[in-house]
Each structure stands twice: as structure tokens, then as C-alpha cells.
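Structure below; questions to follow.
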Amino acid sequence: MKVAINKCYGGFSPSDALYGVLIGKGWEVTTYDDDYNLLNPNARIIDSCNIDPLVSRYSFVGDRDDIKLRTDPDLIEAIELLGDAANSIVAKLKVVEVPDGVEIEVQEYDGFEHIAEVHRIWQ
């Protein structure tokens, strides 16, 4: 299975170009109302309208570390299609191949990520 991760300090922050590809594939965009409720709860992307010169104006709805998002075929295809253009200034996105059937999680240190196999811990 293919998984999207960030390979530099900063965090998983796709570029506007990558979000544009996802929007072109039919991903819905929403904003918040005055009480910070999503106006379209079915949307997968939030338009923050807060343009930070370092990162995209968009973000993903929900947990961006969610494996379902990180393995989404649209996201994987967009990263592979765009190459370096998929990255914001604080990200270096990479698609890694993990054997099918392995339970995985994204682990990170200061935004620099890797994929780890989930295992049991007793304390």
C-alpha cells in the first residue's frame, strides 16, 4: 500500500497546487461559520481564508495523520503527479510503499515523519 508522509521538519503541509488537484477530483471545500462549525460537514478540505505565506490556505478536515487520508488514492496520485510542487515551504511530501496487510501509524518528530508498524505495549 502507498502512504503519504512528510520527510522534513515542519509538518504535513501540502501546497495550494496539491489541494487544487484534489478539488479538481471533486473533493469538497468548506469554511467555518462564526461559531467555528463547519458549514459543509461532508467536505474534506477547509478553506481557511487565512493565507500564510509559508503554507497553504487550505487544510484537511479532521486528523491529517489519519491513515485513511494518508493512503487515499487521490492524495497519492496528486503527490506523485506534482512532485516537488506538492510541497509547501515547510513540507517535503513523499509516497512510501508499505506491504499490504500491515497495521501502520504515522509517527513524527517536529513534523519529520515515518511509518511504523503498530504493535502492542504493556506497562
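Sequential numbering from 1 along the given sequence is applied to the chain's residues. Keep in mind that this is a model prediction, so the values were computed, not measured.
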(message) Using a 6.0 Å cut-off, check whether atom CG of Asp84 has over 12 heavy atoms from anything other than its own residue.
(response)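 No, not enclosed.
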
(request) Kindly compute the distance separating CD1 (Ile45) from OH (Tyr58), expressed to the nearest 0.5 Å. (result)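 Going from CD1 on Ile45 over to OH on Tyr58, the span is 8.0 Å.
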
(message) What's the separation between atom CG in Leu69 and atom CG in Leu75, rounded to the nearest 0.5 Å?
(response)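 Those atoms lie 5.5 Å apart.
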
(message) Rounded to the nearest 0.5 Å, what separates atom CD1 in Ile23 from atom CG in Leu18?
(response)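 Here the interatomic distance stands at 10.0 Å.
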
(request) Could you list the residues that satisfy salt bridge (charged side-chain N to carboxylate O under 4.0 Å, His left out) with Glu80, not counting sequence neighbours? (result)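 Listed in chain order: Lys2.
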
(request) Tell me, please, which residues at least two apart from Lys7 pass salt bridge (charged side-chain N to carboxylate O under 4.0 Å, His left out). (result)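 Salt bridge (charged side-chain N to carboxylate O under 4.0 Å, His left out) check on Lys7 returns nothing, list empty.
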
(request) Starting at CG of Leu93, measure out to CG of Leu82 and round the result to the nearest 0.5 Å. (result)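 Answer for the CG-CG pair, Leu93 versus Leu82, is 10.0 Å.
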
(message) Apply side chain to side chain contact (heavy atoms under 4.5 Å, CB included) to residues Arg57 and Asp47 and explain how you reach the verdict.
(response) CA-CA 6 Å; Arg57 67 181 290 149; Asp47 181 351; 3.0 Å; yes

(request) Report the distance from atom CG of Leu22 to atom CD of Glu77, rounding to the nearest 0.5 Å. (result)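 Going from the CG atom of Leu22 to the CD atom of Glu77 covers 9.5 Å.
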
(request) Tell me yes or no: between the side chains of Asp16 and Ser56, is some donor less than 3.5 Å from an acceptor? (result)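 Asp16 vs Ser56: donor-acceptor pair found between side chains.
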
(message) Listing request: all ring pair (Phe, Tyr, Trp, His ring centres under 6.0 Å) pairs with a residue in residues 102-123, at least two apart in sequence or in separate chains.
(response)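 Passing the test, one end in residues 102-123: Tyr9-Phe112.
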
(message) Tell me the closest heavy-atom pair linking Ala91 and Ser13, and the distance in Å.
(response)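 Heavy atoms only, the tightest pair is CB-O, 3.4 Å.
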
(request) Scan for side chain to side chain donor-acceptor pair (under 3.5 Å) pairs involving residues 89-99, sequence neighbours excluded, and state none if there are none. (result)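 Sorted pair list comes back empty.
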
(message) If hydrophobic clusters are built from ILVMFWY residues whose side chains come within less than 4.5 Å, do Val95 and Tyr19 share one?
(response)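 In one cluster with Val95: Tyr19, yes.
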
(message) Quick check for you: to the nearest 0.5 Å, what is the distance between Phe12 atom CZ and Phe60 atom CZ?
(response)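 Between Phe12 CZ and Phe60 CZ, I get 5.5 Å after rounding to 0.5 Å.
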
Side-chain donor-acceptor distances from residues 35-43 under 3.5 Å, at least two apart:
| from | atom 1 | to | atom 2 | distance (Å) |
| --- | --- | --- | --- | --- |
| Asn37 | ND2 | Asp33 | OD2 | 3.4 |
| Asn40 | OD1 | Asn42 | N | 3.0 |
| Asn40 | ND2 | Glu28 | OE1 | 2.7 |

(request) Write down the atom of Ser15, the atom of Ala85, and the distance for their closest heavy-atom approach. (result)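 Heavy-atom minimum between the residues: OG-O, 2.6 Å.
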
(request) Quick one: list whatever passes side-chain contact (heavy atoms from CB on, under 4.5 Å) with Val3, sequence neighbours left out. (result)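 Residues passing side-chain contact (heavy atoms from CB on, under 4.5 Å) with Val3: Met1, Ile5, Arg70, Thr71, Val96, Val98, Ile104, Ile115.
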
(request) Flag yes if Ile76 and Trp27 sit in one hydrophobic cluster, no otherwise; membership is Ile, Leu, Val, Met, Phe, Trp, Tyr, and two members link when side-chain heavy atoms are under 4.5 Å apart. (result)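 The answer is yes; both residues are in one hydrophobic cluster.
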
(request) Check step by step if side chain to side chain contact (heavy atoms under 4.5 Å, CB included) holds for Asp65 and Glu113. (result) CA-CA 10 Å; Asp65 294 330; Glu113 300 175 337; 3.9 Å; yes

